[in-house]
Number of protein chains: 2
Amino acid sequence: MNSPDKKIVGAWTSLVKAQSTVRCEIDAALKKAGLPALEWYDVLWALERGEKDGVRPFQLQSQLLLPQYSVSRLLDRLIGAGLVECRNCEQDGRGQVAIITEAGIAMRARMWPVYGAAIQRALGDNITARQAQTLIDVLEKITAPARGTRAGR
Amino acid sequence: MNSPDKKIVGAWTSLVKAQSTVRCEIDAALKKAGLPALEWYDVLWALERGEKDGVRPFQLQSQLLLPQYSVSRLLDRLIGAGLVECRNCEQDGRGQVAIITEAGIAMRARMWPVYGAAIQRALGDNITARQAQTLIDVLEKITAPARGTRAGR
DNA sequence: CCCATATACATGCATGTGCATTGAAAAGGA
DNA sequence: TCCTTTTCAATGCACATGCATGTATATGGG
């Protein structure tokens with residue numbers, strides 16, 4: 001019952017393998033360069049392009065698709081490394097705002113060339129821009145399903 | 001230098017988000033059904049369709065794209081749960097062979113409907129078979145790059 | 001045959017993650 | 001206003017992971 005079509009299963013398998021392949025390349029490149037892991041980059045980048053007076057942890061949570069405690073601890077470590085600062089939120093006594101430091105900005109700037117080069121090697125050297133666009137178009141359907149198309153609606 | 005094209009970066013982002021979305025759906029479904037996590041399924045499935053006289057851990061390692069110690073401990077847990085058996089390899093004194101038990105076969109059979117249904121919901125309900133094929137075609141280029149196309153060759 | 005090196009797998013230790021819970025403040029209703 | 005419910009975030013505890021290393025066997029050169 002509701003067992004998916006073979007092609008759909010194949011697509012899922014390909015998705016997993018491709019993601020894993022690229023991810024390994026990136027992780028290895030960052031490690032080899034003595035840089036922090038990709039998760040740190042994601043946080044730094046989210047903070048850098050977010051409101052400059054700070055981003056709330058729960059916003060990071062939804063942007064990065066991470067569980068709440070994971071964001072909490074990730075911020076702990078980034079703060080410990082001096083890449084992020086945390087202040088009490090003025091509008092909400094329960095909340096915090098995370099702000100990227102100068103060191104954090106510098107670190108992200110150091111990470112990007114390594115990260116970007118790894119993406120290029122793993123992805124850019126193997127697919128065309130046109131294929132990339134195709135990928136984006138199809139994958140977005142998964143991430144943001146069209147309204148009214150899902151079962152049960 | 002070697003910083004990738006915007007579309008390539010976009011494709012990587014989409015890839016991560018899509019994989020994460022589907023994966024969450026699957027994890028949640030398995031957990032809700034009180035079943036083991038996806039990694040266990042992968043091992044069980046690899047063993048079930050592999051040689052019935054056993055699969056070597058290092059083979060699992062390359063098939064599942066997992067680090068060596070990860071396979072070692074994953075097998076520990078599966079053995080502890082009675083889903084897998086391990087014997088000394090006769091051809092190689094250093095080695096082991098992992099064999100799926102009846103209970104393991106039964107467990108995989110219980111997991112598949114839940115797993116499959118989750119794939120269907122997250123993927124099958126959102127893309128067509130044709131789009132799935134497109135996805136497979138492009139993603140395979142990433143996983144298994146064509147010879148002579150990589151930089152440096 | 002002996003030795004150096006490579007391969008298969010396990011494991012101690014530090015670190016990271018998941019789950020459940022807690023504490024605190026905000027929001028909403030009577 | 002008071003009280004209940006909801007939301008934001010931190011944390012204790014058990015478990016999983018990563019790294020480095022250890023142990024054992026195989027392999028290849030001399």
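Owing to the predicted nature of the structure, the values given are computational and were not obtained by experimental measurement. Residue numbers begin at 1 in each chain, while the letters A, B, ... track the order of the sequences.
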Atom-pair distance (CZ on B/R94; P on D/dT25), nearest Å: 10 Å
Carboxylate-amine/guanidinium contact B/E25 B/R23, below 4.0 Å: no
Near-strand residues of residues 61-73 of chain A, defined as heavy-atom separation under 4.0 angstrom from DNA chain C: A/P67, A/Y69, A/R73
Phosphate OP1/OP2 of C/dT17: any A/R77 side-chain N/O under 4.0 Å: yes
Donor-acceptor pair, side chain of B/S20 and main chain of B/V16, under 3.5 angstrom: no
Whole angstrom value for the distance that separates C1' of C/dA24 from CG of A/D92: 10 Å
A/Q91 CD to D/dC8 C1', straight-line distance once rounded to whole Å: 14 Å
Neighbours of DNA chain C within residues 33-58 of chain A, by heavy-atom distance under 4.0 Å: A/E39
Straight-line distance of A/L60 CG to A/Q68 CD, nearest 0.5 Å: 12.0 Å
Rounded interatomic separation in angstrom, taking CG from A/N88 and P from D/dC8: 16 Å
Per B/Q96 side chain, nearest of listed nucleotides D/dT25, C/dC9, D/dA9: C/dC9
NZ/NE/NH1/NH2 to OD/OE distance under 4.0 Å, B/D5 and B/K7: no
Atom pair CG (B/L15) and OG1 (A/T21), whose distance is rounded to the nearest 0.5 Å: 9.5 Å
Residue A/R130 excluded, over 12 heavy atoms near CZ under 6.0 Å: no
Residue mapping more 5' on DNA chain C - nearest nucleotide basis, A/L74 or A/E90: A/L74
CD (A/E48) with more than 12 external heavy atoms under 6.0 Å: yes
Whole angstrom value for the distance that separates P of C/dC9 from CD1 of B/I79: 12 Å
Touch class at under 4.0 angstrom, heavy-atom based, for B/D76 against every strand present: nothing
Nearest non-hydrogen partners of A/V22 and A/L123, listed with the distance: CG2-CD1, 3.4 Å
CA sep, side-chain torsions, deciding dist, call: B/Y115, A/W12, side chain to side chain donor-acceptor pair (under 3.5 Å): CA-CA 11 Å; B/Y115 182 14; A/W12 169 235; 2.9 Å; yes
